[in-house]
Amino acid sequence: MGLKGAGGYYANWAGMRSGAQDVRERAEYVAAVRDELQALFAAEGNPLGGDQYGAELAKTFPAQKEAIFDLFRSHIDYLDGVRDGLVNGAKAYETAEGPEG
């Protein structure tokens, strides 16, 4: 992220901001996939069927489905944190390396 200058390393703020934009777009993509999957679950109703195997799977299906969406939430939160870190890091480096820094 940085280039070595006479005084050590300095951050590439534009690169950090560009990376933050890339991460934001990835989070939006993951959220869209999550929303599409939720819509598919809603449209399908009971995708397990009515036989004995479907009935047995139906006992654990709600918890499994919730676990899937918990993972989506966790991943999106992680991506949001990475994005925020890049944005805040770029601001901090820019302030420190700017004319008054």
Side-chain angles (χ1 to χ4, degrees):
M1 285 245 163
L3 303 172
K4 187 167 180 148
Y9 288 91
Y10 63 93
N12 177 350
W13 328 315
M16 293 174 78
R17 287 191 178 107
S18 175
Q21 175 66 24
D22 292 345
V23 173
R24 183 185 68 77
E25 290 171 4
R26 175 59 57 176
E28 289 173 352
Y29 171 77
V30 173
V33 170
R34 177 208 55 209
D35 294 346
E36 184 177 339
L37 183 58
Q38 284 178 324
L40 285 170
F41 276 128
E44 289 297 318
N46 178 11
L48 304 173
D51 62 6
Q52 69 187 38
Y53 301 108
E56 190 61 33
L57 287 171
K59 294 176 185 176
T60 59
F61 182 69
Q64 291 175 1
K65 187 168 78 170
E66 186 61 30
I68 290 168
F69 290 107
D70 284 346
L71 289 171
F72 271 105
R73 280 187 287 278
S74 293
H75 188 57
I76 292 167
D77 288 347
Y78 170 78
L79 291 171
D80 287 344
V82 170
R83 181 205 60 225
D84 292 347
L86 287 168
V87 168
N88 293 333
K91 286 178 187 175
Y93 281 118
E94 185 175 18
T95 299
E97 295 175 6
E100 61 280 338

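Along the sequence shown, residues are numbered consecutively beginning with 1. Everything numeric here is computed off the predicted structure, so don't read it as measured data. Note that these values count all heavy atoms, side chains included, but never hydrogens, waters or copies made by symmetry.
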Practice prompt. Could you grab the distance from atom CZ of F61 to atom CD of Q64, nearest 0.5 Å is fine?
Written response: 7.5 Å
Discussion item. Once rounded to the nearest 0.5 Å, what's the spacing between atom CD of E66 and atom CG of D70?
Written reply: 4.5 Å
Discussion item. Taking atom CZ as the centre, does R26 end up with more than 12 heavy-atom neighbours from other residues, nucleotides or ligands that are less than 6.0 angstrom away?
Written reply: no
Fill in: L57 side, atom CG; Q52 side, atom CD - distance, nearest 0.5 Å
11.0 Å
Fill in: Rounded distance (nearest 0.5 Å) linking atom CZ of R73 with atom CG of D80
13.5 Å
Discussion item. So, using side-chain contact (heavy atoms from CB on, under 4.5 Å) as the criterion, who are the partners of L71 when residues are at least two apart?
Written reply: none
Worksheet item: Quick one: are K65 and Q38 in side-chain contact, heavy atoms under 4.5 Å?
Response: no
Practice prompt. Using the rule that two of Ile, Leu, Val, Met, Phe, Trp, Tyr join whenever any of their side-chain heavy atoms come within less than 4.5 Å, decide whether V87 and I76 are in one cluster.
Written response: no
Worksheet, complete the sentence: Residue set satisfying side-chain contact (heavy atoms from CB on, under 4.5 Å) with A92, at least two apart, ordered chain then number -> none
Worksheet item: Side chains of E25 and Q21: do they bring a donor and an acceptor to under 3.5 Å?
Response: yes
Discussion item. Taking A14's backbone N and O only, do any of them form a donor-acceptor pair with S18's side chain (distance below 3.5 Å, no angle check)?
Written reply: no
Worksheet item: Rounded to the nearest 0.5 Å, what separation is found between the CZ atom of R24 and the CG atom of D84?
Response: 12.0 Å
Discussion item. I'd like to know whether CZ of F69 has more than 12 heavy-atom contacts from other residues, nucleotides or ligands below 6.0 angstrom.
Written reply: yes
Worksheet item: Looking only at heavy atoms, what is the nearest atom pair of A90 and R17, with distance?
Response: CB-CG, 3.9 Å
Worksheet item: How far does CG of D51 sit from CD of E56, to the nearest 0.5 angstrom?
Response: 11.0 Å
